[in-house]
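A quick write-up on the structure given underneath.
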Amino acid sequence: MRSKAVEIKNFTKKFGGFTAVDNLTLDIYEGEIFGLLGPNGSGKTTTLLTIATVYKPSGGDIYVFGHSVTREDYEVRKLVGIAFQDPKAMWIDKPIDLLKWHARVVGYSGEEAKRVVREVMELLGLWEHRNKQFYQLSGGTRKKVELAKVLIQKPRVAILDEPTAQVDVLSKHALWDVIKKLRDEGTTVILATNDMFEAERVCERIGIIYKGRLRALGTISELKDSIPSGDVIEVQYEASSLPGELLRELEVYGKVKHESNRITIYVEKGEEKVVDIVDLFKKRGVRIKKIMVKEPTLDDVFTYITGAKLRGEE
């Protein structure tokens, strides 16, 4: 059994009367890429910032390789590196100066700092931007500079908060490979995202967090298997309103989610049920615009568990 890199025990964080994270308990194992999946405002960033000792828990505690973030924050900071969701720099900073300074802070000598900074900047496609000022960089390039800090440090625990937000598709795939390589070199990676595709491509285990509470935990396959019916039928229809009896009739086939002009039905043997479902819509005089039968995605898992959509909720 792998040893625990991070132990989160009954962790609660409050800001005034608002509870951002509510009694969170989970373990993250050494050498894995662990994902926190949830919409904006779910408590992901608060959890990550507390692991990194930026915040202190309001209740419970978090341990990084046995060191308490509450009582041993100085020791924890030696073990953790973080790429913030919003890159941290002065507008007039140049990426190369910022990263050389960071390299010296984490222990490199002058010549070593120059060497490792160039290696990491070339790896991330940043070298051509090295002498630009920070305000001249695109959002995606700023995110790469933030990730570069972690790659230079090579901490035992790397915290990546939305690491590929604002990054173009081709660069995303390259960055995912970089993150996996960081794990292969011995770093435990904790990644927060609301991108289900990123979570599926990169993470070994995932915790689904919603409104500050852990709603599900497991591997990708375990989470998908948590939908008992196995298939998902999505129907987009053309109508200003939907007959109530139609929704009741659809519930015979499985759990039904209805929003706007879209209905999602969690069913067994979707290919067999879809014909009957089309007939029901015809019977009730509702025209189908589009219908799909598919295997569940992480987005479907999230919706099934929470009743909400993964994206678009603040």
Side-chain angles (χ1 to χ4, degrees), residues 4-15 17-29 32-51 55 57-63 85 159-163 165 188-232 234 251 254-259 262-267 294-314:
K4 296 174 184 178
V6 178
E7 297 177 77
I8 302 175
K9 295 184 175 181
N10 305 116
F11 164 56
T12 296
K13 181 60 182 177
K14 296 183 178 182
F15 297 95
F18 173 69
T19 301
V21 182
D22 187 7
N23 200 35
L24 177 64
T25 296
L26 63 87
D27 296 328
I28 298 167
Y29 297 107
E32 75 172 336
I33 301 177
F34 182 87
L36 276 178
L37 184 68
N40 295 335
S42 61
K44 304 188 306 295
T45 295
T46 299
T47 301
L48 297 188
L49 291 177
T50 307
I51 296 172
Y55 296 145
S58 305
D61 208 345
I62 298 175
Y63 300 87
Q85 183 176 15
I159 295 173
L160 311 178
D161 195 357
E162 307 283 358
T188 300
V189 179
I190 308 172
L191 183 153
T193 184
N194 61 11
D195 183 335
M196 66 171 183
F197 188 66
E198 177 167 86
E200 290 204 42
R201 287 297 300 269
V202 179
C203 301
E204 297 163 60
R205 286 193 310 133
I206 289 173
I208 292 178
I209 189 168
Y210 181 62
K211 293 186 176 179
R213 297 185 68 87
L214 184 68
R215 304 305 176 106
L217 177 67
T219 64
I220 305 293
S221 58
E222 287 170 346
L223 291 174
K224 289 182 177 180
D225 288 344
S226 69
I227 296 181
S229 299
D231 286 331
V232 178
E234 283 189 356
E251 287 173 355
K255 191 172 183 178
V256 177
K257 298 286 185 183
H258 180 216
E259 61 172 1
R262 182 192 304 268
I263 293 176
T264 304
I265 314 154
Y266 301 91
V267 304
K294 61 179 185 175
E295 293 182 353
T297 65
L298 282 178
D299 206 9
D300 295 317
V301 173
F302 184 84
T303 301
Y304 185 86
I305 291 170
T306 67
K309 297 297 289 183
L310 185 55
R311 287 183 174 273
E313 180 167 326
E314 297 298 327

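Values below: every heavy atom of this structure, side chains too, minus hydrogens, waters and symmetry copies.
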Over all atoms of both residues, closest heavy-atom pair of Lys44 and Gly38: NZ-O, 2.8 Å

Got more than 12 heavy atoms from elsewhere within 6.0 Å of CD, Glu295? no

Where the side chain of Thr46 meets the backbone of Gly43, is there a donor-acceptor pair that is under 3.5 Å apart? no

Under 6.0 Å between ring centres: does that hold for Phe15 and Tyr55? yes

NZ of Lys224 to CD of Glu200, rounded to nearest 0.5 Å, is 3.5 Å

Evaluate Glu204 against Tyr29 for side-chain contact (heavy atoms from CB on, under 4.5 Å), listing each step before the verdict. CA-CA 11 Å; Glu204 297 163 60; Tyr29 297 107; over 6 Å; no

Would you compute the distance between atom CG of Asp27 and atom CD of Glu32 and round it to the nearest 0.5 angstrom? 9.5 Å

Please give me the minimum heavy-atom distance between Ile62 and Thr50, naming the atom from each residue. CD1-CG2, 3.8 Å

First locate atom CD of Glu234, then atom CD1 of Ile265, and finally report the distance between them rounded to the nearest 0.5 Å. 10.0 Å

Determine, step by step, whether Met196 and Ile206 satisfy the side-chain contact (heavy atoms from CB on, under 4.5 Å) criterion, reporting the C-alpha distance in whole Å, the side-chain angles of both residues, the deciding distance to 0.1 Å, and the verdict. CA-CA 10 Å; Met196 66 171 183; Ile206 289 173; over 6 Å; no

For Pro296 and Asp300, work out which heavy atoms get closest and say how close. CA-OD2, 3.5 Å

If the condition is ring-ring contact (aromatic ring centres under 6.0 Å, His included), which residues does Tyr266 pass it with, not counting sequence neighbours? Tyr304

Sub-4.5 Å side-chain heavy-atom contact between Phe34 and Leu217: yes

Hits for side chain to side chain donor-acceptor pair (under 3.5 Å) against Asn23, two or more places apart or cross-chain, chain-then-number order -> Asn10

Closest non-hydrogen atoms of Glu198 and Thr193, given as atom of the first, atom of the second and distance, are OE1-OG1, 2.9 Å

Test side-chain contact (heavy atoms from CB on, under 4.5 Å) on Leu298 and Leu37 and set out the steps. CA-CA 9 Å; Leu298 282 178; Leu37 184 68; 4.2 Å; yes

Can you see which heavy atom on Asp22 is nearest to which on Thr12, and at what distance? C-OG1, 4.0 Å

Quick check on side chain to side chain contact (heavy atoms under 4.5 Å, CB included): which of Ile8, Leu214, Leu26 does Thr47 satisfy it with? Ile8

Distance in Å, Asp195 CG paired with Arg201 CZ, rounded so as to fall on 0.5 Å steps: 11.0 Å

Which residues pass the side-chain contact (heavy atoms from CB on, under 4.5 Å) test with Arg215, not counting sequence neighbours? Ile208, Tyr210, Lys211, Arg213, Ile305, Thr306

Can you name the ring-ring contact (aromatic ring centres under 6.0 Å, His included) partners of Phe18, sequence neighbours left out? none

Taking all non-hydrogen atoms of both residues into account, name the closest pair between Asp61 and Tyr63 and its distance. OD2-OH, 3.7 Å

Quick one: side-chain contact (heavy atoms from CB on, under 4.5 Å) partners of Thr45, sequence neighbours excluded? Leu49, Gln85, Asp161

Side-chain heavy-atom pair Thr303, Thr264 within 4.5 angstrom cut-off: no

Taking only residues two or more places apart in sequence, or in another chain, which ones meet Lys14 in a side chain to side chain donor-acceptor pair (under 3.5 Å)? none

How far does CG of Asn194 sit from CG of Leu36, to the nearest 0.5 angstrom? 12.0 Å

